[in-house]
Structures are given as structure tokens and as C-alpha cells.
Amino acid sequence: RPGDFEWYYLWRLCKRSLLTPTIQTDSPALGVALSPDGKTLACGGMDGEVLLINTSTRQMRKLGNHASQVFSVAFSPDGTLLASGSGDRTVRLWDMRTARQIQQITNYTDWVRSVDFSPDGKLLAVGSFDGQVGLWNVARREFEWRSEDSRYVVAVAFSPDGRIIASANHGFQEPGIPAGIKLRDA
């Protein structure tokens, strides 16, 4: 019955999205990531901007730009770094303490669609539309390895123990290229 406490409690649980305000940005967000402490939301936009949003105050600030849309953002496990992957064929690493770009990886011939840090934060998995899956050593600023993955890599992810990298690709854009998921040792 509408007057009962239980009904109201269940309604609030089911309608929580109606009670949470939407954060408005100037450009559609294509990639989002929460910092490990939950205090910062990073957004990669269609306009190439990387935004940081305080999750308590909803205050926004611009971290930096890519030359094209930002598809993926990921925080390092300790929250000191942010990686962003873009349609400008680059990955950028940002120092969250200084809010400055500290590295740029440019060895791609097509969109960088996905980035993910290893659980220890030492490695960055990168997947791109040119079919590459790469494992970037953050400290040495070089690839541990790169692998062709067919085409159109849309997602990469580390296992919780950091031993396996999963990648997903889709083949709907070219006949004869099957969609699939690959697992490989990190």
C-alpha cells in the first residue's frame, strides 16, 4: 500500500536514478573512470577533452586535450596516474598530482579504443582499432610486447592478479573478420 514504509523504501531503491542528479558536460562522454578513492571521476569526451569531476561537489576542471575524441580513461591503482586513449591515435599519461601530461604513446595507425592498468600499476594494456594489443611499461616508457589481434580491438582488461590480459574485437565492419575475445599471458 502506498502509505507503508516498506513500499516507500522499495520505491526509493528501484528509482534511485531519479533521485541522483545528472552531471551535464559540454560534450558527450565516451569513457569514464572513478579514482580508487572514489573522489574523482575522469571523463573522456567526444570533443577530445579529458575532464575531472569532484564526485562530492560535482565541480569540473579540464585536465587536457587530445586532437580527437577520447574513448577510454583509466586510473592507476594508486590513483597517481590517469591514462587516456583517443581517436587521435595516441595514449596519454597524466600525473594526477600535478595535473600535467607526462607521457604520450604515438605508435598507432588507428583509434586507441581501450586502456587498462595492471593491478600493480606498472603496466598499461592498450587496445586499438588497428588490431594491436600492447603492454606498455610505464616506468621504462616502452612496450613489453605488442600483438596483432585481427582488427578493431574495442576493449582490454587485466585479471585481478595481473597475469592475464583479455581483449575483445569485433568484425562487423569488414566481411570475413570474426568477432572474438582473446586471453593472453601478461
Side-chain angles (χ1 to χ4, degrees), residues 25 27-55 60-147 149 152-169 182 184 186:
T25 58
S27 176
L30 300 176
V32 294
L34 281 165
S35 62
D37 63 8
K39 294 179 180 179
T40 304
L41 173 68
C43 297
M46 180 78 84
D47 60 2
E49 285 189 350
V50 178
L51 296 176
L52 300 177
I53 301 170
N54 181 305
T55 57
M60 281 186 251
R61 66 184 171 105
K62 181 176 157 183
L63 180 63
N65 274 69
H66 280 265
S68 184
Q69 63 270 45
V70 178
F71 292 110
S72 182
V73 289
F75 280 97
S76 62
D78 64 3
T80 61
L81 297 176
L82 179 75
S84 56
S86 171
D88 67 4
R89 304 173 184 175
T90 68
V91 174
R92 297 176 194 221
L93 291 178
W94 309 87
D95 183 326
M96 294 304 295
R97 294 168 292 213
T98 63
R100 293 179 190 229
Q101 179 184 315
I102 57 170
Q103 290 183 37
Q104 182 171 312
I105 308 166
T106 59
N107 305 32
Y108 296 94
T109 59
D110 210 334
W111 295 352
V112 176
R113 290 297 307 257
S114 185
V115 292
D116 189 36
F117 279 97
S118 62
D120 63 8
K122 295 178 181 179
L123 302 171
L124 180 71
V126 180
S128 62
F129 252 34
D130 61 8
Q132 294 184 53
V133 173
L135 193 59
W136 181 259
N137 185 307
V138 175
R140 290 196 318 232
R141 297 181 179 219
E142 65 184 19
F143 281 101
E144 294 285 323
W145 56 259
R146 291 174 89 163
S147 173
D149 198 40
Y152 308 117
V153 177
V154 294
V156 292
F158 272 96
S159 63
D161 64 5
R163 293 182 180 179
I164 298 171
I165 297 174
S167 63
N169 69 299
K182 291 187 180 182
R184 44 174 73 77

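- Contact detail for F75 and A42: the closest heavy-atom pair is CE1-CB, 3.7 Å.
- Annotation: the span from L82 atom CG to R92 atom CZ amounts to 12.5 Å, rounded to 0.5 Å.
- Across F117 and P77, no two heavy atoms sit closer than the pair CB-CD, 4.0 Å.
- Annotation for D78 and P36: closest pair C-CG, 4.2 Å, computed over non-hydrogen atoms.
- Heavy atoms only, all atoms of each residue included: R89 and W111 are closest at CG-N, 4.3 Å.
- Residue pairs meeting the salt bridge (charged side-chain N to carboxylate O under 4.0 Å, His left out) criterion with at least one member in residues 94-109, sequence neighbours excluded, are D95-R97.
- Between V126 and Q132, the closest side-chain pair of non-hydrogen atoms is not below 4.5 Å.
- Considering CG of L52 and OG1 of T40, their distance stands at 6.5 Å, rounded to 0.5 Å.
- Between the CG atom in L124 and the CG atom in L81 there is a gap of 9.5 Å [rounded to 0.5 Å].
- A distance of 9.0 Å separates OG of S118 from CG of N137, quoted to the nearest 0.5 Å.
- Using modelled atom types, no side-chain atom of S114 and backbone atom of G127 make a donor-acceptor pair closer than 3.5 Å.
- Between F143 and W136, the ring planes are perpendicular. Angles over 60° get that label, and only those under 30° would be called parallel.
- In this structure, R146 forms a cation-pi arrangement with Y108, its terminal cationic atom sitting closer than 6.0 Å to the ring centre and no more than 45° off the ring axis.
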TODO: Check the pair L135, F158 against side-chain contact (heavy atoms from CB on, under 4.5 Å), reporting the backbone distance first and the verdict last.
DONE: CA-CA 11 Å; L135 193 59; F158 272 96; 3.4 Å; yes

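- Of the residues V153, D110, V112, N107, the one that meets the side-chain contact (heavy atoms from CB on, under 4.5 Å) test with D130 is D110.
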Task: From CA spacing to verdict: side-chain contact (heavy atoms from CB on, under 4.5 Å), F129, T109 - done: CA-CA 8 Å; F129 252 34; T109 59; over 6 Å; no

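- For M60, the CE atom sits in a packed shell: over 12 heavy atoms of surrounding residues, nucleotides or ligands are nearer than 6.0 Å.
- Within the model, atoms OG of S27 and CD of Q69 stand 9.5 Å from one another, a figure rounded to the nearest 0.5 Å.
- The closest donor-acceptor contact from the side chain of S72 to the backbone of V115 lies under 3.5 Å.
- Judged purely by atom type and a 3.5 angstrom limit, S86 has no side-chain atom pairing as donor or acceptor with the backbone of T90.
- For the atom pair T80 OG1 and M96 CE, the distance stands at 9.5 Å (nearest 0.5 Å).
- For K122, there are no side chain to side chain donor-acceptor pair (under 3.5 Å) partners, not counting sequence neighbours.
- Heavy atoms only, all atoms of each residue included: S84 and V70 are closest at CB-CG1, 4.1 Å.
- Shortest non-hydrogen contact noted between D116 and V156 is CB-O, 3.8 Å.
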